[in-house]
Every structure is written in C-alpha cells, then in structure tokens.
Visitor: 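Questions regarding the structure given below will be posed in turn.
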Amino acid sequence: MNDPVEETLILVKPDGVARSLTGEILRRIEAKGYQLVDIRLIQADRDLLARHYEEHLGKPFYEPLVEFMESGPVVAMRVAGNRVIEGFRMLAGTTDPTTAAPGTIRGDLGRDWGLAVQQNLVHGSDSPESAARELALWFS
Ligand code: IDP
C-alpha cells in the first residue's frame with residue numbers, strides 16, 4: 001500500500017519574487033512530480049511572520065529575518081506529493097546559499113549578499129507537524 005500523500009507549505013521568499021524566480025522555482029517543484037494544490041501572493045505582516053517563525057524567537061537572526069520577510073510579497077504554495085516535505089527540502093538545498101549543493105534551488109540560484117540574514121529564496125516545512133501548522137497560518 002502507498003504511503004498517504006503529504007502536503008507541505010513552500011514559500012518563495014521576497015528575494016525570489018523580486019528576482020522573478022517564482023516560475024523557475026515552481027518549474028522545479030512540478031518537474032520533480034509534486035502537485036500544486038493552492039497558490040497565493042501575500043504581503044505578510046509581523047503577526048503572521050511572528051507566528052510562522054516562533055521557533056526562532058530570540059535568535060540573533062530573528063529580527064533581520066522578519067524584516068526581510070516583510071520587505072515584499074511572498075508566494076505561498078500548498079504542494080502535495082509522496083514524501084514532499086523531505087523531498088522539497090532536498091530540492092531547496094541547505095540554508096546557506098554559498099554552500100548549498102549545486103543542483104538545488106539555493107545552490108543554483110541563491111546569492112550571498114553578505115547580510116545579517118540568509119536571503120535564500122525559499123522556505124519549506126520541516127515536518128508533518130510544521131506543515132499542518134504553517135498551512136493553517138498561510139491558507140486560513
Ligand atoms: P531553513 O529555511 O533552511 O529550514 P531555518 O533554520 O528554519 O532554515 O531558518 C529559517 C531561516 O532563517 C533561514 O531560511 C534563513 O533565511 C534564516 N537563517 C537561519 N539561520 C541563519 C543564520 O545563521 N544566519 C542568518 N540567517 C539565518
């Protein structure tokens with residue numbers, strides 16, 4: 001029997017939207033075989049971002065991260081597929097775009113701007129619990 005199909009939240013962060021990379025990022029998601037279920041362009045406010053990033057509250061990069069995420073619109077996607085949570089994080093690559101593997105979104109397309117926060121193009125939920133919580137936040 002097949003595993004139940006998972007859903008995840010993927011965000012194209014403001015750097016990805018501003019650099020017109022939304023289509024390229026979605027192309028990679030669809031090419032991998034994942035299904036786009038819903039998509040929205042959202043100007044996030046502080047309240048939404050505080051809830052989204054609650055696990056990072058108090059870390060040195062928290063404030064620059066929230067400021068960056070509210071600096072422009074993001075594209076929020078509900079994406080489905082077998083093991084899509086783990087699979088999208090592999091497509092995205094590791095957090096730091098300089099050391100993210102070539103072939104990944106961050107490795108191929110990410111830039112290191114030398115700022116206090118990694119402007120690394122995308123977010124993907126990291127567990128089924130996070131996915132459920134984040135999808136409820138962004139698609140309420
Ligand atoms: P992830 O997006 O690769 O899962 P998280 O650890 O969940 O990484 O961190 C959330 C976001 O916070 C990252 O995508 C990145 O934008 C930023 N970030 C995380 N760690 C650092 C850091 O050490 N310096 C600067 N920014 C960071």
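Starting from 1, each residue takes its place in the sequence as its number. Quick caveat, the model's predicted, so the values are computed rather than measured. Only heavy atoms go into these numbers, but all of them, side chains included; no hydrogens, no water, no symmetry mates. Remember, it's 1-based here, ligands and their atoms both numbered in the order they're listed.
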Visitor: Heavy-atom contacts under 4.0 Å between Lys13 and ligand 1: side chain, backbone, both, or neither?
Guide: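 The side chain, only.
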Visitor: Looking only at distances, please establish whether an N/O atom of ligand 1 is found under 3.5 Å from an N/O atom of Thr94.
Guide: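 No, there is no polar N/O contact under 3.5 Å.
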Visitor: Quick check on contacts: which atoms of ligand 1 are under 4.0 angstrom from a heavy atom of Asn120?
Guide: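 Answer, ordered by atom number: 13 (C), 14 (O), 15 (C), 16 (O).
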Visitor: Quick check: does Arg106 get an N/O under 3.5 Å from an N/O on ligand 1?
Guide: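 So ligand 1 has an N or O lying under 3.5 Å from an N or O of Arg106.
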Visitor: For ligand 1, is there an atom lying under 4.0 Å from some heavy atom of Lys59?
Guide: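 False for this residue.
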Visitor: Indicate whether any N or O donor in one side chain lies under 3.5 Å from an N or O acceptor in the other, for Gln118 and Thr95.
Guide: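 Result is no, nothing qualifies.
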Visitor: Do Arg27 and Glu24 sit within salt-bridge range, that is, some charged N less than 4.0 Å from a carboxylate O?
Guide: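 Yes, charged N to carboxylate O under 4.0 Å.
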Visitor: Please confirm whether His123 comes within less than 3.5 Å of ligand 1 when only nitrogen or oxygen atoms on both sides are compared.
Guide: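 His123 vs ligand 1: no N/O contact under 3.5 Å.
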Visitor: Can His56 be said to touch ligand 1, with heavy atoms closer than 4.0 Å?
Guide: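 It does, in that a heavy atom of His56 comes within the 4.0 Å cut-off of ligand 1.
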Visitor: In plain terms, say whether Glu86 and Arg89 are close enough for a salt bridge, that is, a side-chain N and a carboxylate O under 4.0 Å apart.
Guide: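 Salt bridge between Glu86 and Arg89, a charged N being under 4.0 Å from a carboxylate O: no.
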Visitor: Determine, for Glu54 against Arg133, whether the closest basic-nitrogen to carboxylate-oxygen distance falls under 4.0 angstrom.
Guide: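 Counted as a salt bridge, because a side-chain N and a carboxylate O are separated by less than 4.0 Å.
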Visitor: State, to 0.1 Å, how close Tyr34 and Asn82 come at their nearest heavy-atom pair, and which atoms those are.
Guide: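 That would be CE2-O, 3.9 Å.
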Visitor: What residue and atom, counting heavy atoms only, is the protein's closest point to atom 16 (O) of ligand 1, and at what distance?
Guide: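 Ranking protein heavy atoms by distance from atom 16 (O) of ligand 1, first comes Gln118 O, 2.8 Å.
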Visitor: Just jot down the ligand 1 atoms closer than 4.0 angstrom to any heavy atom of Arg89, in number order.
Guide: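 Going through ligand 1 atom by atom, the ones under 4.0 Å from Arg89 are 4 (O).
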Visitor: Assess whether a salt bridge exists between Arg83 and Glu6, defined as any Lys/Arg side-chain N lying under 4.0 Å from an Asp/Glu carboxylate O.
Guide: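 Here Arg83 does not pair with Glu6 in a salt bridge, since their nearest N and O are not under 4.0 Å apart.
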Visitor: Counting only N and O atoms by type, is there a donor-acceptor contact under 3.5 Å from the side chain of Arg19 to the main-chain atoms of Leu109?
Guide: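 Pair found, side chain donor or acceptor close to backbone of Leu109.
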Visitor: Decide side-chain contact (heavy atoms from CB on, under 4.5 Å) for Glu67 and Val117; before the verdict, give the C-alpha distance in whole Å, the side-chain angles of both, and the deciding distance to 0.1 Å.
Guide: CA-CA 10 Å; Glu67 276 174 26; Val117 66; over 6 Å; no
Visitor: Is the contact between Thr95 and ligand 1 made by the side chain, the backbone, both, or neither, using heavy atoms and a 4.0 Å cut-off?
Guide: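 For Thr95, the contact with ligand 1 is made by both the backbone and the side chain.
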Visitor: Considering only NZ, NE, NH1 and NH2 on the basic side and carboxylate oxygens on the acidic side, decide whether Arg28 and Asp108 come within less than 4.0 Å.
Guide: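 The answer is yes: the pair qualifies as a salt bridge.
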Visitor: Check ligand 1 against Ala116 and write out every atom of the ligand that is under 4.0 Å from a heavy-atom position of the residue.
Guide: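 The list of qualifying atoms is 25 (C).
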Visitor: May I ask you to identify the nearest protein heavy atom to atom 22 (C) of ligand 1, giving residue, atom name and distance to one decimal place in Å?
Guide: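 Nearest neighbour among protein heavy atoms for atom 22 (C) of ligand 1, to 0.1 Å: Phe61 CD2, 3.6 Å.
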Visitor: Is there a heavy atom of Asp126 sitting under 4.0 angstrom from any atom of ligand 1?
Guide: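 Flag not set, Asp126 not near ligand 1.
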